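Here the structure comes first, spelled out in structure tokens, and everything after it is commentary.
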Amino acid sequence: MEKIQDQERLATLIHQWNQDHYDIFELSRPNENLEFHGVVRFYFQDGANVVTKCIRVASTASTKEVVDVLIEKFRPDMRMLTRNSYALYEVHLDAYYLEVDEDDIVEIWKTEKVG
């Protein structure tokens, strides 16, 4: 019973997300294991230069997995640098930042402010 409620709650959040975003960023409905996927736009800022890339992300992906894909997409030459410390941040329109830790990337979607 609780799993069905979780699935319905997550489906409602995803529906709200999908209504507030362009179709390209639509999230799939959660399956019976509460897993879903979608396309997310990421930004890389290097000084004054800003580049964006969109990648498909699954709710089961770890932050490290997402960062590894982003490094490859944004700057493949960065893999050879000795300093390989990177961070992933969630940026909100009201100018606050949340650093995403090693928890599943799904927490970004679950905590998204809707409305």
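Since we're looking at a predicted model, the values are computed, not measured. For the numbers below, each heavy atom of this structure counts, side chains included, while hydrogens, waters and symmetry mates do not.
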In sequence, state the C-alpha distance, the side-chain angles, and the governing distance for Phe44 and Leu70, and then conclude on side-chain contact (heavy atoms from CB on, under 4.5 Å).
CA-CA 9 Å; Phe44 177 74; Leu70 291 171; over 6 Å; no
Closest non-hydrogen atom pair between Val57 and Phe42, with its separation:
CG2-CE1, 4.1 Å
Show me the donor-acceptor pairs within less than 3.5 Å that the side chains of residues 24-32 make with the rest of the protein, sequence neighbours left out.
from, atom 1, to, atom 2, distance (Å)
Ser28, OG, His37, N, 3.0
Ser28, OG, His37, O, 3.4
Ser28, OG, His37, ND1, 3.3
Asn31, OD1, Asn33, N, 2.8
Asn31, OD1, Leu34, N, 3.2
Asn31, OD1, Glu35, N, 3.0
Asn31, ND2, Glu35, OE1, 3.3

Could you tell me the separation between the CD atom of Glu72 and the NZ atom of Lys53, rounded to the nearest 0.5 Å?
11.0 Å
Starting from the C-alpha separation in whole Å, work towards a yes-or-no answer on side-chain contact (heavy atoms from CB on, under 4.5 Å) for Gln16 and Leu13.
CA-CA 5 Å; Gln16 290 172 333; Leu13 288 172; 3.8 Å; yes
Could you give the distance from CD (Gln7) to OG1 (Thr12), rounded to the nearest 0.5 Å?
10.5 Å
Out of curiosity, Arg9 CZ to Glu2 CD, how far, rounded to the nearest 0.5 Å?
11.0 Å
Is it true that Ile71 and Tyr43 fall in one hydrophobic cluster, defined by side-chain heavy atoms closer than 4.5 Å?
no
Do Val39 and Tyr22 share a hydrophobic cluster (ILVMFWY, side-chain heavy atoms under 4.5 Å, transitive)?
yes
Gap between atom CZ of Phe36 and atom CG of Leu10 - 0.5 Å precision:
5.0 Å
